[in-house]
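The block underneath contains the structure these notes are about, expressed in structure tokens.
From a predicted model like this one, the values you see are computed outputs, not experimental measurements. Letters go in sequence order (proteins before strands), and every chain restarts at 1. Any value given below was found using the heavy atoms of this structure, including those in side chains, with hydrogens, waters and symmetry copies removed.
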Number of protein chains: 2
Amino acid sequence: MAFYFKKITVIGVGLIGGSLSIILKRKGLAGSITGVGRGLANLEAAKRLGVVDSFTRDVGEGVKDADFVLIATPVLKIGETVRKAAPFLKKGAIVTDVGSVKKAVIDECEPLIPPGVHFVPGHPIAGTEHSGVEAAFPDLFKGRRCILTPTDKTDDNALSTVKGVWEAAGSEVVVMDPSRHDAILAAVSHLPHMIAYSLVNTVGDIEKSGVDALSYSAGGFRDFTRIASSSPEMWADICAMNSDAILKTISDFEKRLANLKTLIDANDVEGLKQDFARAKSIRDSLVNKAGKLAEDK
Amino acid sequence: MAFYFKKITVIGVGLIGGSLSIILKRKGLAGSITGVGRGLANLEAAKRLGVVDSFTRDVGEGVKDADFVLIATPVLKIGETVRKAAPFLKKGAIVTDVGSVKKAVIDECEPLIPPGVHFVPGHPIAGTEHSGVEAAFPDLFKGRRCILTPTDKTDDNALSTVKGVWEAAGSEVVVMDPSRHDAILAAVSHLPHMIAYSLVNTVGDIEKSGVDALSYSAGGFRDFTRIASSSPEMWADICAMNSDAILKTISDFEKRLANLKTLIDANDVEGLKQDFARAKSIRDSLVNKAGKLAEDK
């Protein structure tokens, strides 16, 4: 490893922040790790579990003297966090985030970063259904992608260092334009969540009319709607921060669905078969790729 | 058990037909079971595995002298199968099916059933991703629902007997109107498939424009789109046979999605939270119910 941080500060010691803390400690890449958060119980658990060496609820105090600051708060809080941290950041410090929307975060944060401090926007594509430091584990990022979205202002050395951090965590790092990131995530992550929420609400409407439809759903429906159990707060924030890309991808999806309606209405069984077969071949290739990826690791 | 069949005929010895054969044999409820199908290899496997005692590829020959006939062919083939079987069905025989659409099947089959033969339309809500007799297993229906949809013409004794068969398989039998069945299944099963196919095709369209979006999808996307790997032929048939209910449920879903777009466009974070929270609470209650159901068994 070409890097070592005397002091690391992790703001938001949950699943993501906690897991990266564990990794950096185990690999001996951190002198000490300070956790910053709002919930005392979670911070105390982080200390007890050895995920952080110390903690504070004050962002300014937490980031003082830090060489590397990881912002792992909910995505809507990243800007506010940077605003609080900015006056206390030391020259040469690297600040990176894990927000699942990039353009809005950059627009908000980049102007707040003091001269001599390096901001590297990032997004590790990893997670589980669980949250909080007790859910953290060192293999969370292994074999996953991490997207970094530098801008014209991003320092090359800082970018290399952050790349090294995520590679140390076992991730494959991909560098891309923030808007491209937001468009891709809108399609493969944000759109499925919008669909899952809408589907469950549709079936909920039927329930309200007195038909106990849900009780006839099988395992397929439960699997399919699992992501509708995700945090409403987090997803409302993501919608607000990536609205343009999400609206576009919903419209694309609506066109596909309208096309299906036309085929059904016309009783075009051949057309339906072709439409479904195309989807099946794409989905099957995804599983094969994933299988291959798993084997490669 | 209040029933015993000297001869059972299973037409379509796949996952569903094969599994029920195994159950009826093990429970000593069948004198002999004859399998009928089109694929010789599958029928030979069924014989070799002891799922059936004999087999034929001729429907008429197969149903001769049978007391109980299970039609477990693809849903679009049920009518044709009944047409072939009709002249050879013995007086007093019970014929039942497992089609996942009920009204269209009834409209087609009921007029073909000879006097003195009893037709009981049914739909066991069970299945796996696998098909063919080699995927059959005796616990497939355990703890699952089976819906029977009798009409004015259905014989009460025959209905009781078919109910007993599915209860012997471990299912909870629910009797309801065919149209109600079709509306419920459209919402909790057919609609999710339409959505999954459309979602995968939407992401496929983005891929075509040169953005390798799929490679950034995580496990969530793979789980969510699993049902898009279902048989295109089967789902095209289901669309053709349940078109009205499916079109209605797609329209309901479209309204929900349009409402979401309005909220996103208006940056109504509170409204989005409420919408998502409603879906989450419905989805969470489903999991709790399922957990409870599993405990009860």
Query - Backbone of Arg222(A) reached by a side-chain donor or acceptor of Arg283(B) within 3.5 Å - result: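 It does hold such a pair.
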Query raised in the report: Between Leu76(B), Leu272(B), Ile195(B), which has the largest tally of heavy atom pairs under 4.5 Å with chain A?
Result: Ile195(B)
Requested in this report: Find the one option among Leu191(B), Ile147(B), Leu199(B) whose heavy-atom pairs under 4.5 Å with chain A are most numerous.
Outcome: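 Top option by heavy-atom pairs under 4.5 Å: Leu199(B).
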Is chain B contacted by the side chain of [X], its backbone, both, or neither, given a heavy-atom distance below 4.5 Å?
X         : result
Val203(A) : side chain
Ala196(A) : both
Asp268(A) : neither
Asn267(A) : side chain
Ser281(A) : neither

**Report entry** Pair Leu286(A)-Phe221(B), side chain to side chain contact (heavy atoms under 4.5 Å, CB included): steps then yes or no
**Finding:** CA-CA 10 Å; Leu286(A) 189 64; Phe221(B) 186 82; 3.7 Å; yes
Report task. With rounding to the nearest 0.5 Å, note down the distance linking OG in Ser285(A) to CD in Glu207(B). Result ->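 Reported value, rounded in 0.5 Å steps: 8.0 Å.
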Query raised in the report: Roughly how far, to the nearest 0.5 Å, is NZ of Lys208(A) from CD1 of Ile282(B)?
Result: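 If we round to the nearest 0.5 Å, Ile282(B):CD1 and Lys208(A):NZ are 8.5 Å apart.
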Validation: residues 239-247 of chain A side-chain donor-acceptor distances under 3.5 Å, sequence neighbours left out:
| residue | atom | partner | partner atom | Å |
| --- | --- | --- | --- | --- |
| Asn242(A) | ND2 | Asp182(A) | O | 3.2 |
| Asn242(A) | ND2 | His190(A) | ND1 | 3.2 |

Query raised in the report: Who pairs with Arg278(A) by salt bridge (charged side-chain N to carboxylate O under 4.0 Å, His left out), at least two apart in sequence or on another chain?
Result: Asp205(B)
Query - All pairs passing side-chain hydrogen bond (donor to acceptor under 3.5 Å, both in side chains) where residues 232-241 of chain B contributes a residue, at least two apart - result: Ser231(B)-Glu233(B)
Query raised in the report: Going by heavy atoms in the side chains, are Ile264(B) and Ile250(A) under 4.5 Å from each other?
Result: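 Yes, side chains in contact.
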Query raised in the report: When only heavy atoms count and the cut-off is under 4.5 Å, which of residues 251-260 of chain B reach chain A?
Result: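 Listed by number: Ser251(B), Asp252(B), Phe253(B), Glu254(B), Arg256(B), Leu257(B), Ala258(B), Leu260(B).
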Query raised in the report: Do Arg145(B) and Tyr216(A) meet the cation-pi criteria used here (NZ or CZ under 6.0 Å from the six-membered ring centre, within 45° of the axis)?
Result: yes
